[in-house]
Amino acid sequence: MNKLGPKETKYHLAYAPNSVEINPLSRFRNSSDPDKERMIIVHVEFMDGDDFACRGIGLLHITLTDSDGNSLVTETISLDNPIVNRQHFDSVTRTYRVHFNKVPENLTQATVRATFAQEDENPIRSKSYTIQSNE
């Protein structure tokens, strides 16, 4: 099947994100393999007005903070780009996956927040979600 991205319609009534949440699949990837970097994998889920998981077109901002509230990193992903959108979307979980590499060794928990901004729409913000390390 040829993947072309979203289909444009005359009336633009396609379902679009109504809310954004951090999915509980988000986690630290702690590796005993010294060749693999420690990372945080964040799963972001968009829900449409009928409360079904959906994809989005716009800018996705994900912010990680430590337990003291200090900002660790903010990642902005342009889901307007069909290639980038497909690269981050996990069709099994129906979430967008974002990897944060180079996690400090002493970090045992991180708080994640996501904001999704579409053109001519107010941004949608998630609640904060805390990810614990299993080490």
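Sequential numbering from 1 along the given sequence is applied to the chain's residues.
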From [X] atom [atom1] to [Y] atom [atom2], the distance as rounded to the nearest 0.5 Å:
| X | Y | atom1 | atom2 | value |
| --- | --- | --- | --- | --- |
| E21 | S126 | CD | OG | 6.0 Å |
| R86 | L79 | CZ | CG | 12.0 Å |
| Q118 | I57 | CD | CD1 | 8.0 Å |
| Q132 | S67 | CD | OG | 9.0 Å |
| I62 | I40 | CD1 | CD1 | 11.5 Å |
| L64 | T111 | CG | OG1 | 9.0 Å |

Between [X] and [Y], is any pair of side-chain heavy atoms under 4.5 Å apart?
| X | Y | value |
| --- | --- | --- |
| Y129 | N23 | no |
| T65 | L72 | no |
| I124 | N18 | no |
| H61 | E75 | no |
| V20 | V44 | yes |
| L60 | T76 | no |
| F46 | R55 | no |
| F100 | V73 | yes |

- Query: Under 6.0 Å from the CG atom of N122, do we count more than 12 heavy atoms belonging to anything else shown?
  - Reply: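 No, not enclosed.
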- Residue R94 excluded, over 12 heavy atoms near CZ under 6.0 Å: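 It does: R94 CZ has more than 12 such atoms within range.
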- Message: Looking at F28, I'd like to know if the NZ or CZ of R38 sits under 6.0 Å from its six-membered ring centre while staying within 45 degrees of the ring's axis.
- Response: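 The answer is no, since R38 fails at least one limit relative to F28.
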- Does F89 share a hydrophobic cluster with V112, counting links as ILVMFWY side-chain heavy atoms below 4.5 Å and allowing steps through other members?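 Linked, F89 and V112 end up in one cluster.
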- Heavy-atom closest pair, residues R27 and I131: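 Here R27 and I131 meet closest at CA-CG2, 3.6 Å.
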- Can you name the nearest heavy-atom pair linking N85 to G56, along with the distance?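 It is ND2-O, 2.8 Å.
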Could you verify whether a donor N or O on one side chain and an acceptor N or O on the other, from [X] and [Y], lie under 3.5 Å apart?
| X | Y | answer |
| --- | --- | --- |
| S78 | N81 | no |
| T74 | T63 | yes |
| T95 | H43 | yes |

- Side-chain donor/acceptor of S133 to backbone N/O of T108, under 3.5 Å: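 No.
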- Message: Between L25 and T93, is the side-chain contact (heavy atoms from CB on, under 4.5 Å) condition met? List the steps.
- Response: CA-CA 9 Å; L25 291 171; T93 63; 3.5 Å; yes
- Let me see the working for R29 and M39 under side-chain contact (heavy atoms from CB on, under 4.5 Å), right down to the final yes or no. CA-CA 5 Å; R29 187 190 78 183; M39 70 171 53; 3.7 Å; yes
